[in-house]
Engineer: 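Here it is: the structure, laid out below.
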There are 4 protein chains.
Amino acid sequence: MGEDRSSRKEAIMKAALSVFSQHGFHAARIEDISREAGVGKGTIYQYFSSKEDLFRAMLIDGMERYVRILQSTVEEEDRVRDRIRVLFQTNLYLARTNSRAARVILEGLTGLGDEMHDWFLGLRENILSSLENLVREGIERGELRPVNPRHAAYLLLGVLHTLAVAGMMGETEDETISDMVLMGLEPR
Amino acid sequence: MGEDRSSRKEAIMKAALSVFSQHGFHAARIEDISREAGVGKGTIYQYFSSKEDLFRAMLIDGMERYVRILQSTVEEEDRVRDRIRVLFQTNLYLARTNSRAARVILEGLTGLGDEMHDWFLGLRENILSSLENLVREGIERGELRPVNPRHAAYLLLGVLHTLAVAGMMGETEDETISDMVLMGLEPR
Amino acid sequence: MGEDRSSRKEAIMKAALSVFSQHGFHAARIEDISREAGVGKGTIYQYFSSKEDLFRAMLIDGMERYVRILQSTVEEEDRVRDRIRVLFQTNLYLARTNSRAARVILEGLTGLGDEMHDWFLGLRENILSSLENLVREGIERGELRPVNPRHAAYLLLGVLHTLAVAGMMGETEDETISDMVLMGLEPR
Amino acid sequence: MGEDRSSRKEAIMKAALSVFSQHGFHAARIEDISREAGVGKGTIYQYFSSKEDLFRAMLIDGMERYVRILQSTVEEEDRVRDRIRVLFQTNLYLARTNSRAARVILEGLTGLGDEMHDWFLGLRENILSSLENLVREGIERGELRPVNPRHAAYLLLGVLHTLAVAGMMGETEDETISDMVLMGLEPR
DNA sequence: AATGAATGAGCATTCATTCAT
DNA sequence: TATGAATGAATGCTCATTCAT
């Protein structure tokens, strides 16, 4: 029964991602989400207190999945430079294959109240910390030039973002960009 | 008379920027814009055919101003590396001082039809070309390492975007990022 | 349940007839209809897709009721001349007692698109055919002079219309008109 | 100058007839009328106090023209039966060639206040009186059977109306109807 | 718990009318 | 007198949310 609840909630969130991605927050209709989820309209309100609440939950869930995928990918590599490289690649790949979702996530910040804004800043800070640690480790191992780790983390995040936008836009960049960035970071 | 028309239209667009920035497209109400512009509700429809038309006009106008400011700033510098540096600085400064506007512009891409999407891609392509030319010139002058100019342009745009988001978020990055990027591009 | 739906739809159409009759199509407000029907504004849109759709449905329903009443009245008489006489009488009676409804129905033809226009022509043709058959039967039975049945049907419809307008206007004609018409049709 | 005023007013009423005929009262826009009349929007309010006032004036003017044409046609004939015959013919012809105008006049009665309703009843009464006199004269001359003149007038008006609707609908009746009516009225 | 019929707040847009020029 | 830019009242329709079943 707890299973049922859980799976039903997930079905709704999945449908929400689909519908919000296609129409954006305001144009998406609760009824469409309920139909896509295969539940009644009222049922959604058993799991989420409002449309906005559902959007928040979906956004948070989506982002956390996204970050988790990136993390797991990174952990498979040993050398820091390879980690950065697969980070870029996977990021681009995900953005390409989920361009609609990526777009609605980018949109998600506006008009959704300070609570979300703060949550987003927190998530961003987490990612920056991870990247910072990655750079610091690279420096310690001698794989990267001794730059300011915080600033390098910003640079990496920026490129991640750019590649996401590029993927979203349907552009097919190869990995030369990451090479250039790494060149700026590598020793010598 | 042409002046009056013109100034009234500008007043409306200015008010639109303000209101759209605060609430986003859907939550913004025409009546609020008209009040802020100091005109009647109906007057807006003398200059713009719909809420969406007004939003589009405001977005295009805002972006063109933004790009024009960046261009004029760049032209004041002589060396390519300095141009890139002021480009980053000005971009960050503008994003910081117009964070609300920057946010609505970033949001602007979603859900506004293919016409806008195409216009945006066109603008993006223009900017990329300019950056590409900048890099090419830098390479010719020996100021930059002989990288693929197109890819370098992508990198630069990405950093511009990132800095804009950083500025938008109220973060106060210094210019170390641009230094790192430039290190990745500089000869040797 | 089907009952509930049905009765609610009927309540709305009844209220629509009342309100449209009082103010005409454009001046009638959906909110007034919903109030008179005792339902919420939105409920109307569960049963009818637009104000115009509601008007059409009401018009068609009203006309069909009207025609049905006339038909049932006619069928109670045996002789053709008596049928024509009760046709005129009932028509005048209905127009008198439903003058507002009659007016909005007469108005209904204007500005409602070709679909309605075609529907109306079809209804008119049906009525003309019935009248034509009535005249033909009268001729065969020797009750009427051998006139062109089609043209006689036109004449009868014309008088029906006139009497309807007269009834609508509150005038109280007696049946002398039908006598005159019948005189024009009777043998010899 | 008085001429100018007069001709300008006529131009506006002519344009009003055209535009009201095409769209009906509510859907017609003052601006379209002013454009078609070749005057400024405000100018209309120098001659008419409101849209409704203009509609009234146009309706009255149109009906009076209509009646005047019918009268002049009738006066050209000598025998009563021929007068009735040309009355039917001209009426049908006018309705055919001015079907749009005929339609808006038929529509005109609804929702325009009691003042118009009264005016219309008065006009109708005038026409009925004329027809009544015509019938009376026909009886005195022995051209018509000694029927109740008032009731015969009703019959004639009814046929006029029917023929008008038929003409409006684009139907092409010949004059058999008038023959039938006359048969009902002729002596013996 | 699940449903979906019912609800009504909310808003873009139109257009008759005014009035400064 | 003529104009048309400016105005804002008025209303059809949508859709998030509720609640009786």
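Please read all numbers here as calculations on a predicted model, not as lab measurements. What you see below is based on every heavy atom in this structure, not just the backbone, and it leaves out hydrogens, waters and symmetry mates. Residue numbers start from 1 in every chain, and the chains themselves are labelled A, B, ... in the order their sequence lines are given, proteins ahead of strands.
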Engineer: Counting a pair only when it is Watson-Crick or G-U and both distances are under 3.5 Å, which runs of at least 3 such pairs involve DNA chain F?
Structural biologist: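 The stems are E:2-21 with F:2-21.
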Engineer: Roughly how many Å is it from CZ in C:Arg8 to P in E:dA5, rounded to a whole number?
Structural biologist: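 One finds 11 Å between P of E:dA5 and CZ of C:Arg8, rounded.
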Engineer: Rounded to the nearest 0.5 Å, how far apart are OG of C:Ser7 and NZ of C:Lys9?
Structural biologist: 12.0 Å
Engineer: Between C:Gln46 (CD) and E:dA5 (P), how many Å, whole number?
Structural biologist: 6 Å
Engineer: Looking only at heavy atoms, which two atoms of C:Ile12 and C:Ala37 are closest? And how far apart?
Structural biologist: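 Between these two residues, the closest heavy atoms are CA-CB, 3.9 Å.
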Engineer: Just the rounded figure in Å: distance from P of F:dC15 to NE2 of A:His23.
Structural biologist: 11 Å
Engineer: If you restrict it to nitrogen or oxygen atoms, what contacts under 3.5 Å exist between nucleotides 16-20 of chain F and the protein, and what is each distance?
Structural biologist:
unit_1	atom_1	unit_2	atom_2	d
F:dA16	OP1	A:Ala28	O	3.2
F:dA16	OP1	A:Lys51	NZ	3.0
F:dA16	OP2	A:Ile30	N	2.9
F:dT17	OP2	A:Tyr45	OH	2.8
F:dT17	OP2	A:Lys51	N	2.9
F:dT17	O4	A:Lys41	NZ	3.3

Engineer: Using 30° and 60° as the class boundaries, would you call the ring planes of D:Phe25 and D:Phe55 parallel, tilted or perpendicular?
Structural biologist: perpendicular
Engineer: To the nearest Å, how far apart are C:Arg35 CZ and E:dT7 P?
Structural biologist: 13 Å
Engineer: Between E:dA2 atom C1' and A:Ile12 atom CD1, what is the distance in whole Å?
Structural biologist: 11 Å
Engineer: Whole-Å distance between E:dC15 P and D:Phe20 CZ?
Structural biologist: 13 Å
Engineer: Report the C-alpha distance between B:Glu10 and B:Lys14 in whole Å, list the side-chain angles of each, state the deciding distance to 0.1 Å, and finish with yes or no for salt bridge (Lys or Arg N to Asp or Glu O under 4.0 Å).
Structural biologist: CA-CA 6 Å; B:Glu10 275 173 31; B:Lys14 194 177 164 195; over 6 Å; no
Engineer: Donor-acceptor pair, A:Lys51 side chain versus A:His26 backbone, under 3.5 Å?
Structural biologist: yes
Engineer: Could you state the atom-to-atom distance from CG of A:Asp32 to P of F:dT14 in whole Å?
Structural biologist: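 Taking CG of A:Asp32 and P of F:dT14, I get 13 Å after rounding.
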Engineer: Would you check, one step at a time, whether the test side chain to side chain contact (heavy atoms under 4.5 Å, CB included) holds for A:Tyr47 with A:Met13?
Structural biologist: CA-CA 10 Å; A:Tyr47 296 90; A:Met13 287 188 31; over 6 Å; no
Engineer: Using a 4.0 Å heavy-atom cut-off, does A:Tyr47 contact any base of the nucleic acid, only the sugar-phosphate backbone, or nothing at all?
Structural biologist: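 Sugar-phosphate contact only - A:Tyr47 comes under 4.0 Å of backbone atoms but never of a base.
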Engineer: Pick one: which of D:Asp32, D:Leu59, D:Leu54 meets side-chain contact (heavy atoms from CB on, under 4.5 Å) with D:Phe20?
Structural biologist: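 Testing D:Phe20 for a side-chain contact (heavy atoms from CB on, under 4.5 Å) against D:Asp32, D:Leu59, D:Leu54 leaves exactly one candidate, D:Leu54.
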Engineer: My understanding is that only residues two or more places apart in sequence, or in another chain, count here; which of them pass side-chain contact (heavy atoms from CB on, under 4.5 Å) with D:Tyr45?
Structural biologist: D:Ile30
Engineer: What is the distance, rounded to the nearest whole Å, between atom CD1 of C:Ile44 and atom P of F:dG12?
Structural biologist: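 Checked: the CD1 to P distance equals 10 Å.
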Engineer: Just by modelled atom types, is the B:Ser18 backbone N or O under 3.5 Å from a matching donor or acceptor in the B:Gln22 side chain?
Structural biologist: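 Present.
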